[in-house]
Structures are given as C-alpha cells and as structure tokens.
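No hydrogens, no waters, no symmetry mates; every other heavy atom, side chains included, goes into these values. Letters A, B, ... are given to chains in the order of the sequence lines, protein chains preceding strands, and every chain is numbered from 1.
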Amino acid sequence: MLKEIVYMNEKQLRRSLAVLPIGTVIKLTSLSARQIRYYETQELVFPERSEGNRRMYSLNDIDRLLEIKDYLNDGFNMEGIRKVYAMKKAQAAAEESQKLSDADVRRMLRKELLNSGGMLEDNLTKLPRRRI
DNA sequence: GTTCTGACA
DNA sequence: TGTCAGAA
C-alpha cells in the first residue's frame, strides 16, 4: 500500500484523496444514497470513513461510481461488474513491469539527448538506479 | 442540517 | 431501490 503511494504522482495522489461527503457524491453522480451505499456492500467502491463514521469519497471513487452506472445500463449485474474490475486489476498488474520498461526507455532517450546536446540539466542521474 | 444502520406497508 | 425510524 505504502509502496504504491510512493510511486504515485501528485495528480493521482490528489484524485485518490477522500474528501467528498456522500451528499456531494449524490449531486455529482445522480445516484441515490441508497444506491451508493449498496454498491459499497457489493464491494464495488471502497470509500474511507472519517469523524463520526461518515463515508468520504475521492475523485477516483466518483469516476468508479459513474462507471458502475454505465455498466449497469449495459446490463451488468453487481457480480459482473466486480469481475470486470477484477480483470482490470489483474491486467494492470501484468502491465506494471511493462510500464517500468517504458520509463527506462524515456530515460535512455533523455540520456541520448543529453549526450548530443548537453543543454539540458541532467536530473535523471540524481535518481537512484532502477533494477531491471 | 447531514449521514448512518437496519428494516419493510 | 425507495423510504422511514432512531441515533450520532
């Protein structure tokens, strides 16, 4: 958990901050409190809790809720949607290693530019070596 | 005033 | 899924 956060960029971090009460979520998604809470029991969304046990949602949760809404309109049931996310998660995990490779590619490209031009500051060399 | 949980004419 | 009750 902490490991993922370390590699998250600021934009993603902000989107994952749970700062919205259910009332705001209702307005943003046009879903009823009943539906939003029900989807949670179905393990489709995982809002945080704060203060007096109040649910707090992040922008990512909003997107998730909107997606669920679409899947429902497409005829999916709770189980089906849960499976969709399970597969999406598995796929993301499978692509993780590939993403690291892409980062290395960009690093190598940047290095090429530095060697030929020498005009850009080399911030990359200050970063820890990545193991492949 | 808002949200939570549980229950059902 | 709506809605009401009783509590926080």
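Shown here are the side chain to side chain donor-acceptor pair (under 3.5 Å) partners of A:Asn53, two or more places apart in sequence or in another chain: A:Arg49. For A:Phe46, the ring pair (Phe, Tyr, Trp, His ring centres under 6.0 Å) test picks out no residue, with sequence neighbours left out. For A:Ser32, the side chain to side chain contact (heavy atoms under 4.5 Å, CB included) test picks out A:Arg34, A:Gln35, with sequence neighbours left out. A:Ser58 is linked by a side chain to side chain contact (heavy atoms under 4.5 Å, CB included) to A:Asn60, A:Asp61, counting only residues two or more places apart in sequence or in another chain. Taking the side chain to side chain contact (heavy atoms under 4.5 Å, CB included) definition, one finds that A:Gln42 meets it with A:Tyr38, A:Leu44, A:Met78, A:Arg82, sequence neighbours left out. Residues that satisfy the side chain to side chain contact (heavy atoms under 4.5 Å, CB included) test with A:Arg37, not counting sequence neighbours, are A:Ile22, A:Ala33, A:Arg55. By the salt bridge (charged side-chain N to carboxylate O under 4.0 Å, His left out) test, A:Lys88 is found to be paired with A:Glu67, residues two or more places apart in sequence or in another chain being considered.
Stem analysis of DNA chain B (at least three stacked-register Watson-Crick or G-U pairs, each with both distances under 3.5 Å) gives B:2-8 with C:2-8.
A cation-pi arrangement is present between A:Arg64 and A:Tyr85, with the terminal nitrogen or guanidinium carbon under 6.0 Å from the aromatic centre and inside a 45° cone about the axis.
Counting heavy atoms from C-beta on, the side chains of A:Leu28 and A:Tyr57 never come closer than 4.5 Å.
Applying the salt bridge (Lys or Arg N to Asp or Glu O under 4.0 Å) test to every pair with at least one member in residues 10-29 of chain A, sequence neighbours left out, gives these pairs: A:Glu10-A:Arg14, A:Arg15-A:Asp63.
For the atom pair A:Asp70 CG and A:Phe76 CZ, the distance stands at 11.0 Å (nearest 0.5 Å). Distance CD1/A:Ile62 to OG1/A:Thr29: 6.0 Å, rounded to 0.5 Å.
Taking a 4.0 Å limit (strictly below) on heavy-atom distances, residues 65-77 of chain A does not reach DNA chain B anywhere.
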Below 3.5 Å is the cut-off: list the nitrogen or oxygen pairs between protein and nucleotides 3-7 of chain B, distance only.
from: B:dT3; atom 1: OP1; to: A:Gly23; atom 2: N; distance (Å): 2.8
from: B:dT3; atom 1: O4'; to: A:Arg54; atom 2: NH2; distance (Å): 3.3
from: B:dC4; atom 1: OP1; to: A:Arg55; atom 2: N; distance (Å): 2.9
from: B:dC4; atom 1: OP1; to: A:Arg55; atom 2: NE; distance (Å): 2.9
from: B:dC4; atom 1: OP2; to: A:Arg37; atom 2: NE; distance (Å): 3.1
from: B:dC4; atom 1: OP2; to: A:Arg37; atom 2: NH2; distance (Å): 2.7
from: B:dC4; atom 1: O3'; to: A:Asn53; atom 2: ND2; distance (Å): 3.4
from: B:dT5; atom 1: OP1; to: A:Arg49; atom 2: NH1; distance (Å): 3.2
from: B:dT5; atom 1: OP1; to: A:Arg49; atom 2: NH2; distance (Å): 3.1
from: B:dT5; atom 1: OP2; to: A:Arg55; atom 2: NH1; distance (Å): 3.4
from: B:dT5; atom 1: OP2; to: A:Arg55; atom 2: NH2; distance (Å): 2.1

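Contacts between chain A and DNA chain C, taken as any atom within less than 4.0 angstrom of a protein heavy atom, begin and end at C:dT1 to C:dA8.
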